[in-house]
Colleague: 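After the structure tokens below, expect a handful of questions from me.
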Amino acid sequence: MSTRLKASLDPCKPAKLLHLITPKIAASSSTSPWNTRLRELANQSLFAEALSVYRQMLRFGVSPNAFTFPFALKSCAALTLPFAGSQLHCHVIKSGCELEPFVLTSLISVYCKCGLIDSARKVFDGSGQSMKLTVCYNALIAGYALNSRVSNAVSLFGKMRELGVEINAVTMLGLLPICVDPGYVWLGMCLHCCCVKIGLDVALSVANCLVTMYVKCGSVVYGRRLFDLIPEKELITWNAMISGYAQNGLAAPVLELYREMESCGVSPDAVTFVGVLSSCAHLGAHSVGCEAEQRIEANGFVLNPFLNNALINMYARCGNLKKARAVFDGMPRKNVVSWTAIIGGYGIHGHGEAAVQLFDEMIKSGIKPDGTAFVSVLSACSHAGLTDKGLEYFSAMEKKYGLQPGPEHYSCMVDLLGRAGQLNEAWELIESMPVEPDGAVWGALLGACKIHKNVELAELAFEKVIKLEPTNIGYYVLLSNIYSEARNLEGIKRVRVMMREKRLKKDPGCSYVEFKGRVHLFMAGDKSHYQTTEIYRMLDELESLVQEVVGTKVIDQENSGERLADTGVHSEKLAIAFGLLNTSPGAEIVVMKNLRICGDCHLFIKLVSKIVDRQFVVRDATRFHHFKGGFCSCKDYW
DNA sequence: GTAGGGTTAG
């Protein structure tokens with residue numbers, strides 16, 4: 001027996017156990033009172049304590065029985081103790097309980113949860129058919145699902161049907177999560193029908209799981225339809241839908257649903273707040289996020305690492321780097337997600353040096369970076385112009401950390417080289433890619449061509465990108481703007497014809513400002529806001545002030561000459577005017593935009609900032625902002 | 001007196 005195995009079940013010192021077992025239990029030679037205590041502890045999720053009682057029981061010479069093992073095994077499973085689990089298996093065999101269905105099922109489960117799926121299968125196969133109840137199948141199916149052995153889970157389900165073993169709600173709960181796999185969406189639909197047929201859909205847990213399955217497949221609409229049909233929603237139901245919206249980038253519906261949930265009298269938990277915070281990060285809804293943080297503190301969820309990571313992300317994305325750093329520094333145990341969030345935060349705001357420093361610190365602290373951590377540091381390098389540093393990291397990725405760069409890393413590198421004017425190197429890098437370049441890679445090259453006014457290469461990049469993403473309007477606009485700067489009217493016309501043929505319309509740009517816990521959203525030329533008159537009056541004043549300073553009206557490059565669309569007053573200008581109208585003189589005004597900020601607006605805002613002596617932050621949210629469900633009207637927000 | 005399951009961050 002290995003020393004590790006021995007240590008895992010070694011009896012504890014008696015002093016430690018005083019609070020766990022009463023003298024009466026200690027004095028008893030019968031198994032029953034020990035089992036009762038074991039059950040109590042396991043049911044309260046005090047698994048380490050339950051195992052202590054089990055060890056003590058052996059020490060006192062009390063024999064475990066079929067009522068002991070399920071609780072002891074469950075504790076091993078919860079604590080992921082494979083050695084203790086296999087040692088318990090020996091005890092089970094010794095006591096002759098191996099074929100007790102309850103013990104059998106617990107054994108399968110403990111092996112599955114510890115990742116020893118083949119041992120679980122052996123236990124399953126070693127028992128007679130009559131011992132195999134639905135629960136045994138359920139435990140193994142869930143185990144296969146947990147260990148990503150999708151086809152094994154599905155074939156075991158087939159076996160159940162073939163042998164006529166009863167299928168119940170828990171069978172479905174094990175199977176439904178694997179239907180998120182694109183290859184098994186068909187199974188998900190079949191299972192849904194199956195649930196309805198045998199009436200399992202009324203079980204709240206199954207309904208929750210179905211909602212999750214649909215939203216994880218990206219079908220938020222089906223998920224929501226099902227959600228609306230559930231009459232008595234519990235916390236997990238709300239969380240499934242809230243997390244589903246959050247994962248699909250539908251931030252505004254998350255906040256709506258969160259409020260609805262509260263008005264239904266359901267109290268949020270840590271999972272709810274993770275979804276809410278990530279949506280605040282998407283929307284730049286700083287004060288909603290702060291409000292959520294207060295509630296998190298009031299509810300005692302402060303030590304939850306998921307929540308802390310979500311808080312870092314939210315503060316960083318909302319521009320409050322100081323607070324993000326404070327949360328990060330306050331975390332007793334930081335994982336790679338915590339580091340990635342803070343590095344990404346510094347990167348987004350152009351603090352490349354700080355991001356790089358943090359990345360090095362992370363490595364020093366012994367945390368191994370993953371693919372996402374590299375995305376955040378590489379994009380930080382590219383935004384801050386740290387070309388050499390970025391190249392260094394990129395080469396270390398594979399050589400030092402054994403991580404195969406994906407298209408997302410290559411697009412960062414193309415962006416990095418492209419911004420630095422090394423267009424040929426960027427092109428060569430794409431040519432050398434061992435993986436197929438995606439739209440973002442060619443798109444990064446196209447973007448670089450705009451900066452460095454290289455029409456010839458832009459045409460090549462455009463040809464490639466449009467094959468991969470023929471309906472992405474952004475690339476047509478980019479090429480059109482490149483032609484526009486080169487005064488190539490023929491080119492502009494060609495792009496317009498292509499867009500017309502494909503029936504593409506420019507996505508409406510929108511900007512938004514957060515004020516008193518509400519997000520105020522403006523489209524270009526928007527006149528639906530309740531302060532429209534004041535806003536336009538304010539803009540008129542600003543325009544004349546700017547005109548006085550520069551002597552001429554700021555030329556709107558994007559909208560002069562050949563126009564792609566009649567956009568009216570730019571949305572960021574409306575948002576700035578709204579901010580000036582409603583915030584106190586010293587306060588910084590943070591404007592978020594879903595598309596890239598156009599050069600004309602940039603100039604206008606810079607000038608206004610100087611003239612009125614106010615600090616503006618206009619965030620280009622293209623890199624992380626998704627309105628997949630289409631644009632919400634302003635009314636949805638106030 | 002006992003077992004199987006669902007929601008979570010970059």
Side-chain angles (χ1 to χ4, degrees), chain A residues 31-40 42-43 64-74 77 97 100-110 112-113 132-143 145-146 168-177 200 203-213 215-216 234-244 246-247 268-279 281 301 304-314 316-317 335-345 347-348 369-377 379 624:
Chain A
T31 313
S32 181
W34 290 88
N35 285 351
T36 308
R37 187 67 186 129
L38 194 58
R39 188 180 68 229
E40 275 169 13
N43 286 345
N65 64 16
F67 292 101
T68 317
F69 292 119
F71 297 113
L73 287 165
K74 187 180 177 180
C97 298
E100 292 283 342
F102 291 98
V103 179
L104 188 69
T105 312
S106 305
L107 270 172
I108 294 169
S109 170
V110 75
C112 288
K113 289 203 175 128
K132 283 187 204 122
L133 307 174
T134 300
V135 275
C136 290
Y137 281 91
N138 290 352
L140 195 55
I141 285 179
L146 193 70
N168 64 16
V170 183
T171 321
M172 294 299 174
L173 298 180
L175 281 168
L176 286 171
L200 291 177
L204 198 47
S205 53
V206 174
N208 293 342
C209 212
L210 280 167
V211 170
T212 304
M213 181 195 78
V215 295
K216 279 206 173 165
E234 58 171 1
L235 177 62
I236 292 184
T237 322
W238 289 97
N239 282 349
M241 200 61 227
I242 286 177
S243 308
Q247 281 160 14
D269 72 348
V271 177
T272 324
F273 283 121
V274 168
V276 168
L277 287 174
S278 96
S279 302
F301 300 141
N304 183 313
F306 278 86
L307 269 179
N308 276 315
N309 292 343
L311 273 173
I312 296 171
N313 183 43
M314 184 275 291
R317 294 268 160 116
N335 62 16
V336 68
V337 178
S338 331
W339 285 95
T340 306
I342 193 77
I343 291 167
I348 288 169
D370 64 2
T372 320
F374 272 105
V375 169
S376 77
V377 76
S379 77
F624 54 87

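Convention: sequence-line order gives letters A, B, ...; per-chain numbering from 1.
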Colleague: So what does A:Asn208 touch, heavy atoms closer than 4.0 Å: a base, only the sugar-phosphate, or nothing?
Modeller: base

Colleague: With sequence neighbours left out, what residues match A:Asn239 under side-chain hydrogen bond (donor to acceptor under 3.5 Å, both in side chains)?
Modeller: A:Asp269, A:Thr272

Colleague: On DNA chain B, which is the earliest and which the latest nucleotide, 5' to 3', with an atom closer than 4.0 Å to a heavy atom of chain A?
Modeller: B:dG1 to B:dG10

Colleague: Going by the rule side chain to side chain contact (heavy atoms under 4.5 Å, CB included), which residues pair with A:Asn35 if we only count those two or more places apart in sequence or in a different chain?
Modeller: A:Thr31, A:Met57, A:Asn65, A:Phe67, A:Thr68

Colleague: Once salt bridge (Lys or Arg N to Asp or Glu O under 4.0 Å) is applied, do any residues pair with A:Arg37, and if so which ones, sequence neighbours excluded?
Modeller: A:Glu40

Colleague: Taking ring-ring contact (aromatic ring centres under 6.0 Å, His included) as the definition, give me every residue that meets it alongside A:Phe273, ordered by chain and number, with sequence neighbours left out.
Modeller: none

Colleague: Regarding A:Glu40, tell me which of base, sugar-phosphate or nothing describes its non-hydrogen contacts under 4.0 Å with the strands shown.
Modeller: nothing

Colleague: Categorize A:Thr372 for me: base, sugar-phosphate, or nothing, with a 4.0 angstrom heavy-atom threshold over every strand shown.
Modeller: base

Colleague: For A:Thr105, which residues count as a side-chain hydrogen bond (donor to acceptor under 3.5 Å, both in side chains) partner, sequence neighbours excluded?
Modeller: none

Colleague: Base, sugar-phosphate, or nothing: which does A:Ser376 touch, judged by heavy atoms less than 4.0 Å apart?
Modeller: nothing

Colleague: Once you apply a heavy-atom cut-off of 4.0 Å, does A:Asp370 come out as touching a base, just sugar-phosphate, or nothing?
Modeller: base

Colleague: How long is the gap from NZ on A:Lys113 to OG on A:Ser106, to the nearest 0.5 Å?
Modeller: 9.5 Å

